Amino acid sequence: MEDEVKSRDYVIGGVPQRARPLEPALYIVSTPIGNLGDMTLRGIETIAGADILACEDTRVTRVLLDRFGVTRRPVAYHEHNATEAGPKLIAALMEGKSVALVSDAGTPLVSDPGFRLVGEARSSGIKVVPVPGASAVLAALTATGLPTDTFMFCGFLPPKQGQRRARLEALKAIDTTLIFFESPNRAAAALSDMVHVFGETREGALCRELTKAYETVVTAPLRELSETYDGEDRIRGEVVLLVAPPEEQAVVTSAQDMDKLLLSLAQEMPTSKAAAEAARMTGAKKSDLYQRLIALKSSE
């Protein structure tokens, strides 16, 4: 019992603290995206007080735990072991234990497998508690000066150029700020494809190493951004790319343009939804677009 109590200890500003036991639930705990000082007090107490701490990479999480004097041993939950580890965590929750889930950086479930665990927990009647904190999406958005009234998080783009350009085509006319996570190895290629699809003058931004010592936020027209990073096989640090809304809503001026739009959207969503989105973007009738898309697919 003494070891269990000690495992709930943590340290803030050199002062030892003791976390209170948590009610049985799955706690989704945000962690810093770089600067460990961004960890919230509630987040620290939650990871110290939970019966089980699950994380993507125990080595990465250990750095955070050591920073705040948390001595507990985390268990791994990631995309490669989710099928095996997920049921064990659900079983523990069903037994009345508390489980805290953290990602390597930022908010869990954003581009990681945590959403599966939450879905299973909710299906089992288990309470899910968000413990908010750092988010690379919001940090990048607020630092660039791009419109914040509406925005769309688009995740990672496909690695292959053809699929990547098709995805960008489907997003081209959406009237909102677009936010992408991108691999440092593919950021330059992604910017080049954005110029090809969105045009040279549309505003964009590249953010790297947010909250870290070499934090960089560069805003410029897409062509200028692409030229700045052209030829760089690897842009150092974690990368977030942003694209401003189009200056005016895209207008489809020909049947050929409409077909191109329909086929691009159909690569990303079901036929009916693609027709509905094209109708929203162009003002054409959904029923007409649906029939046209069916015809295009049948002729492929």
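Atom set for the values below is all heavy atoms of this structure, side chains included, hydrogens, waters and symmetry mates excluded. None of these values were measured; they are calculated from a predicted model. Residue numbers start at 1 and run along the sequence shown.
Smallest separation of non-hydrogen atoms from Ala100 and Val29: CB-CG2, 4.2 Å. For Pro246 against Ala173, the heavy-atom pair with the smallest separation is CG-O, 4.2 Å. Annotation for Glu169 and Ser264: closest pair CB-OG, 3.5 Å, computed over non-hydrogen atoms. What you find for Leu262 and Ala275 is that their closest heavy atoms are CD2-CA, 4.4 Å. Looking at every heavy atom in both residues, Gly49 comes nearest to Ser98 through O-OG, 4.2 Å. Taking both residues in full, the closest heavy atoms of Pro74 and Cys55 are given as CB-SG, 3.8 Å, listed atom of the first, atom of the second, then distance.
In terms of modelled atom types and a separation under 3.5 Å, the side chain of Thr46 and the main chain of Arg42 share a donor-acceptor contact. No donor-acceptor pair closer than 3.5 Å links the side chain of Arg208 to the backbone N or O of Pro184. At least one donor-acceptor pair under 3.5 Å links the side chain of Ser298 to the backbone N or O of Ala295. Remark: the backbone N or O of Arg164 is not paired with any side-chain donor or acceptor of Asp193 at under 3.5 angstrom.
To the nearest 0.5 Å, the span separating CG on Leu64 from CZ on Arg67 amounts to 9.0 Å. In this structure, CG on Asp51 lies 9.5 Å from CG on Leu93, to the nearest 0.5 angstrom. For the atom pair CD (Glu238) and SG (Cys207), the distance works out to 13.0 Å, reported to the nearest 0.5 Å. The structure places CG of Leu265 at 11.0 Å from OG1 of Thr271, a figure rounded to the nearest 0.5 Å. Atoms CD1 and CD1, from Ile12 and Ile44 in turn, are 3.5 Å apart once rounded to the nearest 0.5 Å. Note that the CZ atom of Arg292 and the CG atom of Leu261 stand 12.5 Å from one another [nearest 0.5 Å].
Taking the charged nitrogens against the carboxylate oxygens, Asp104 and Arg59 have no contact shorter than 4.0 Å, which rules out a salt bridge.
Residues Phe115 and Leu89 share a hydrophobic cluster, clusters being chains of Ile/Leu/Val/Met/Phe/Trp/Tyr side chains in contact below 4.5 Å. Cluster membership for Met94 and Leu117, using ILVMFWY side-chain heavy atoms within less than 4.5 angstrom, is shared. If you chain together hydrophobic residues whose side chains sit under 4.5 Å apart, Phe180 and Tyr229 fall into the same group. Cluster membership for Ile90 and Leu109, using ILVMFWY side-chain heavy atoms within less than 4.5 angstrom, is shared. Note: the hydrophobic cluster containing Leu263 does not contain Ile294 (ILVMFWY, side chain heavy atoms under 4.5 Å, direct or indirect links).
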Requested in this report: Check the pair Leu191 / Glu182 against side-chain contact (heavy atoms from CB on, under 4.5 Å), numbers first and verdict last.
Outcome: CA-CA 10 Å; Leu191 284 172; Glu182 190 50 272; over 6 Å; no
Atom pairs and distances, donor-acceptor, side-chain atoms in residues 149-159, under 3.5 Å, two or more places apart:
| residue | atom | partner | partner atom | Å |
| --- | --- | --- | --- | --- |
| Thr150 | OG1 | Thr176 | OG1 | 2.9 |

In a table with atom names and distances, give each donor-acceptor pair under 3.5 Å that connects a side chain of residues 118-134 to protein atoms at least two apart or in another chain.
| residue | atom | partner | partner atom | Å |
| --- | --- | --- | --- | --- |
| Ser123 | OG | Gly119 | O | 2.9 |
| Ser124 | OG | Glu120 | O | 2.9 |
| Lys127 | NZ | Glu23 | OE2 | 3.0 |

Enumerate donor-acceptor pairs with a distance under 3.5 Å from any side-chain N or O in residues 196-206 to protein atoms, sequence neighbours excluded.
| residue | atom | partner | partner atom | Å |
| --- | --- | --- | --- | --- |
| His196 | NE2 | Arg165 | NH1 | 3.3 |
| Glu200 | OE1 | Arg223 | NH1 | 3.3 |
| Arg202 | NE | Ala244 | O | 2.7 |
| Arg202 | NH1 | Lys172 | O | 2.8 |
| Arg202 | NH2 | Ala244 | O | 3.1 |

Atom pairs and distances, side-chain donor-acceptor, residues 31-41, under 3.5 Å, sequence neighbours left out:
| residue | atom | partner | partner atom | Å |
| --- | --- | --- | --- | --- |
| Thr31 | OG1 | Ser103 | O | 3.3 |
| Asn35 | OD1 | Gly37 | N | 2.8 |
| Thr40 | OG1 | Gly43 | N | 2.9 |

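The closest side-chain heavy-atom distance from Met194 to Leu241 is below 4.5 Å. In this structure, the side chains of Thr61 and Ile47 stay at 4.5 Å or more apart for every pair of heavy atoms. Side-chain atoms of Thr71 and Asp9, non-hydrogen and from C-beta on, never get closer than 4.5 Å to each other. Residues Val137 and Phe181 have side chains in contact (heavy-atom distance under 4.5 Å, counting atoms from C-beta outward). Looking only at side-chain heavy atoms (C-beta outward), Tyr77 and Arg116 come within less than 4.5 Å of each other. By the 4.5 Å heavy-atom criterion applied to side chains, Glu277 and Ile174 are counted as neighbours. No side-chain heavy atom of Val218 sits less than 4.5 Å from a side-chain heavy atom of Thr228. Proximity of Val239 to Arg186: side-chain heavy atoms (C-beta onward) are nowhere separated by under 4.5 Å.
When the side chain to side chain donor-acceptor pair (under 3.5 Å) test is applied to Lys286, the partners found at least two apart in sequence or on another chain are Ser272. In terms of the salt bridge (charged side-chain N to carboxylate O under 4.0 Å, His left out) criterion, residue partners of Asp66 (sequence neighbours excluded) are, by chain and number, Arg62.
Within a 6.0 Å sphere centred on NZ of Lys297, other residues, nucleotides and ligands contribute more than 12 heavy atoms. Atom NZ of Lys212 has more than 12 heavy atoms from other residues, nucleotides or ligands within 6.0 Å.
Leu146 pairs in a side chain to side chain contact (heavy atoms under 4.5 Å, CB included) with only one of the listed residues (Leu178, Val243, Thr219, Thr177), which is Thr177.
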